Amino acid sequence: MKTELLIIGAGAAGMAAALSAWEAGCRDILLVDRRDRPGGILPQCLHKGFGLACFGTELTGPSYAEQLAQRLKITNVRLALGTEVLAIDADKTALLSDRYGLTELHFDRLILASGCREKSIGALPVAGTRPAGIFTAGQAQEMMNLRGQDPGNEILILGSGDLGLIMARQLVLAGKHVIAVVEKEAHYGGLARNFRRCIEPYRIPLLVRTTVTEIHGHGRISGVTLRRLDSGEEEQISCDTLITALGLIPERELVRKLGDPDWLFLAGNCRRVHDLVDSAVAEAERIGKEATR
Amino acid sequence: MKHVDVVVIGGGLLGCFAARNLCRWNLHIALLEAREDVCTGISRANTAIVYPGYDHKPGSLKAELCVRANARFDALCRELDLPFSRCGSLMLSFGEKADAVLKKKYENGLSLGVPGLRLLSGEEAQGMEPALAEGVTSALYAPTAGTVNPWELGIAACESAVANGAELCLNTRVLGIGRSLEGYRIETDRGLFSCRAVVNCAGLSADRVQELLFPAAVHIAPDAADYLILDKAAENKPTHIIQYEPEDGGKGLSAVPTVEGSLLLGPSERENEVDFAVSAEGLSFVRERAARVLPGLDLRDTIRSFAAVRPNPRRSDGSSIGSFVIEHPDPGFWSLIGIKTPGLTCADELGRHLADQVASFLNAGVNETFDGHRSGVKKMRGMSREQRNAAIRENPDCGEVLCCCEDVTRAEALEAIRRGATTLDGVKRRVGAGMGRCQGSRCQQKLIALLAQELGVSEAAICKDGAGSEILGSRRYEN
Ligand SMILES: Cc1cc2nc3c(=O)[nH]c(=O)nc-3n(C[C@H](O)[C@H](O)[C@H](O)COP(=O)(O)OP(=O)(O)OC[C@H]3O[C@@H](n4cnc5c(N)ncnc54)[C@H](O)[C@@H]3O)c2cc1C
Ligand SMILES: Cc1cc2nc3c(=O)[nH]c(=O)nc-3n(C[C@H](O)[C@H](O)[C@H](O)COP(=O)(O)OP(=O)(O)OC[C@H]3O[C@@H](n4cnc5c(N)ncnc54)[C@H](O)[C@@H]3O)c2cc1C
């Protein structure tokens, strides 16, 4: 199989890149994503706060995704969902796997729009046991908003990036007890807007200059040890769930060994982490055009 | 009451291989495991090295079994259909004292007949392994050292035992042992067993299990160890197993390029701890040693840390024991007590050794129908493109990648469940889903749904591993 422009990832960036490449005249575009709906992480972000710059109003994640998907429908961009890209070779072939078979796809240009992954707690030098009940924030968000799965009740959140803040609010609204949001820096990590909307109104304690040094519990997590970084004081806290928001890592595994060939373009969160979807989209639109020239 | 010829207590590596080797004889065998799955104890957390055997005292059982086990390891892994990487090992010295230790080990190894051993200069070692730190003064190269995934090996042995007629009883904890007309009466939390012989491979509890009926001359004094795992994408990983013999005689470090492609670093050493819980000091120790020996590693590539527990055997006067302890307090009763390194390497040999003794005691005939071949789960990763395409054409589930870090498909996860995985860790141990750099944050939620669907239970009932490790709360959200 052959295509002129392959785009990996049908999140906000991938869809925006496809649209702008189409508008710039590219007529042979394939957009692939492993998920079975377009939008990337947007469909799991049920809160409002997307698209102020692009649409002049605050949309939810799913409706933002829907806007882009609708615009894609009136183009001839081909969308292959439920399709995993397994490998990219230097000779400009991609290896695709879906339920129908394995496909070697030749392309002229590639836009990688594969988003990012969350740093997991395994990366931190945290002592203690390795029980159930520890989730990343994005995972908890997907569980609750897309799968109807309940992460737990007495919840500590480690990390105060936007994901941590947004999940703190959602958990409180779902009737959970959010014991605290814990942050090692002296200030929360996310946008001021998210702090004002998600933490302040619900009086969720924010513990800065604090970290988790040990995990307790057999079977399910039963608590953690918190350390105050300035005083060195330690304190044990009970919880049945730990949600980590430790930061996002651009997902570039597929192209790690390829260097910087002139046919490869990066867009969206795999290029750099965007706090706002509008900025990911604006960047992707520029990249879509660039890849069409 | 259930009647069998032999009860094997404990489904770790040693129990699984004892059961498998007992199947070579005409014997009815029950393998009793307290937990929800096999290989959840010591066999789950260790250094994963298949040792060449140069360390052991000439004439000892350890030396004999280890050298033989190593030589047979390719054949064993071929028979059990699992990957074995004979990557070789380099033991490093950074000074005169350690040079002398390596020289002794080398000579010891020669006298044991360990094949291919070579003493290398620092430059030669660095030539073979550019990732090494400066200042290596000598190295002992053992080309026959290798690595295997320990739980994959144990699970394979267990599947092979079951295929040859052994009965696996999970969630079955031995609580008491008495005598019966036939031999022994085994009380468990799932009913009574009566048998003619007992093989006790209860790992960290092996001394206490023996004491349910007999005194034990050897007791276990556990201590803990910590490990780190680096992502397979980490740069400057060694391609050989690297071991380091510190000049001050203290604890060294092993770096093992695993069959999965990640790098295992450890272990640390801690006194008197019995919990599989990581210690902060242990982690810093491993990090410090790793930075010293393999300075090119970026420890930010760490994806997981875990703890292990060593079952150190001690005599009643507290002195430690260097050899493998096989207690035989009664004509039909055997215990393996405190089998640590190289217990993984020797699991099959120890199993054979015991099975032969049991069979001779019971006058058992050879089981002519024994078939040692087992087929592993067909892994998409590593297949040729043609094979993989054909597999998807035959079964669409082979085309659906569930764990994107380790490239594990829905078909593999389903096969893991069909083969007995009932938990998230059970699936992980059988097919590797969730072992990679995102540590399951992208596949766990799908696997929970799949397990619930296949086992016919609610998602809230799905556990990470043992009882009480339910992953979800009880509420369902309707969206
Ligand atoms: C929880 C959260 C809340 C946010 N809140 C806001 C907000 O309120 N307002 C706002 O403006 N912005 C917000 N953002 C930021 C914004 O949503 C993101 O920056 C943007 O959606 C990122 O889009 P993307 O296309 O780069 O990545 P993604 O949406 O992650 O899309 C990447 C896609 O690539 C696919 N993919 C990756 N690798 C492969 C492969 N090998 N094969 C096949 N498919 C692959 C993935 O499945 C995924 O669908 C939020 C982000 C998060 C995570
Ligand atoms: C830190 C460390 C590193 C090691 N590294 C290596 C290495 O690199 N190479 C090597 O060759 N060897 C190594 N070993 C040795 C090897 O891992 C062990 O020898 C081997 O795993 C021991 O297996 P086991 O079956 O005795 O124990 P386990 O795997 O613990 O199995 C015992 C089983 O018995 C069950 N059980 C206990 N009590 C009962 C009961 N009452 N009723 C029913 N079931 C019960 C437990 O649940 C458990 O599943 C290492 C060991 C350690 C500790």
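Worth saying up front: this structure is predicted, and the values here are computed from it rather than measured.
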*Within a strict 4.5 Å, meaning less than it, do heavy atoms of the D407(B) and E84(A) side chains meet?*
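No, their side chains stay 4.5 Å or more apart.
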Check the surroundings of atom [atom1] in [X]: do more than 12 heavy atoms from other residues, nucleotides or ligands lie under 6.0 Å from it?
| X | atom1 | result |
| --- | --- | --- |
| D230(A) | CG | yes |
| K92(A) | NZ | yes |
| R300(B) | CZ | no |
| K119(A) | NZ | no |
| K257(A) | NZ | no |
| K446(B) | NZ | yes |
| R37(A) | CZ | no |

_At a heavy-atom distance under 4.5 Å, which candidate from G138(A), G219(A), G217(A), G128(A) has the highest pair count against chain B?_
G128(A)
*Between T213(A), I134(A), V126(A), D240(A), which shows the greatest number of heavy-atom pairs under 4.5 Å with chain B?*
V126(A)
Rounded to the nearest 0.5 Å, how far apart are [atom1] of [X] and [atom2] of [Y]?
| X | Y | atom1 | atom2 | result |
| --- | --- | --- | --- | --- |
| C438(B) | I249(A) | SG | CD1 | 10.0 Å |
| E400(B) | R34(A) | CD | CZ | 12.0 Å |
| L102(A) | C398(B) | CG | SG | 11.0 Å |
| R410(B) | R99(A) | CZ | CZ | 6.5 Å |
| T241(A) | I471(B) | OG1 | CD1 | 12.0 Å |

Checking [X] against chain B: side chain, backbone, both or neither under 4.5 Å from a heavy atom?
| X | value |
| --- | --- |
| L95(A) | side chain |
| P131(A) | backbone |
| F135(A) | side chain |
| L86(A) | side chain |
| S120(A) | side chain |

*asked:* Test salt bridge (Lys or Arg N to Asp or Glu O under 4.0 Å) on E104(A) and R385(B); report intermediate values, then the result.
replied: CA-CA 9 Å; E104(A) 272 184 35; R385(B) 292 182 179 185; 3.1 Å; yes
Heavy-atom cut-off 4.5 Å, strictly under: side chain, backbone, both or neither for [X] against chain A?
| X | answer |
| --- | --- |
| I303(B) | backbone |
| A233(B) | both |
| E394(B) | neither |
| D425(B) | neither |
| C404(B) | both |

*Are side-chain N/O atoms of R130(A) and S305(B) paired as donor and acceptor at under 3.5 Å?*
yes
*For Q139(A) and Q445(B), test the side chains for any donor-to-acceptor distance below 3.5 angstrom and give the result as yes or no.*
yes
*Is a side-chain donor or acceptor of S97(A) paired with a backbone partner of G399(B) at a separation under 3.5 angstrom?*
yes
*Indicate yes or no for a side-chain donor-acceptor contact from R304(B) to the backbone of G122(A) under 3.5 Å, with no hydrogens or angles considered.*
no
*asked:* For a quick test of reading the model, state the closest non-hydrogen atom pair linking S469(B) to A132(A) and the distance between them.
replied: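 In this case the closest contact between S469(B) and A132(A) is O-CB, 3.3 Å.
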*Below 4.0 angstrom, N of the basic side chain to O of the carboxylate: do R437(B) and E253(A) qualify?*
yes
Counting heavy-atom pairs under 4.5 Å with chain A, which one of [options] comes out on top?
| options | result |
| --- | --- |
| R381(B), E386(B), M380(B), R442(B) | R442(B) |
| T302(B), L230(B), N389(B) | N389(B) |
| D397(B), N395(B), D465(B) | D397(B) |

*Before giving the answer on side-chain contact (heavy atoms from CB on, under 4.5 Å), spell out for E459(B) and R147(A) the whole-Å C-alpha distance, their side-chain angles and the decisive distance to 0.1 Å.*
CA-CA 11 Å; E459(B) 291 188 355; R147(A) 297 181 184 274; 5.7 Å; no
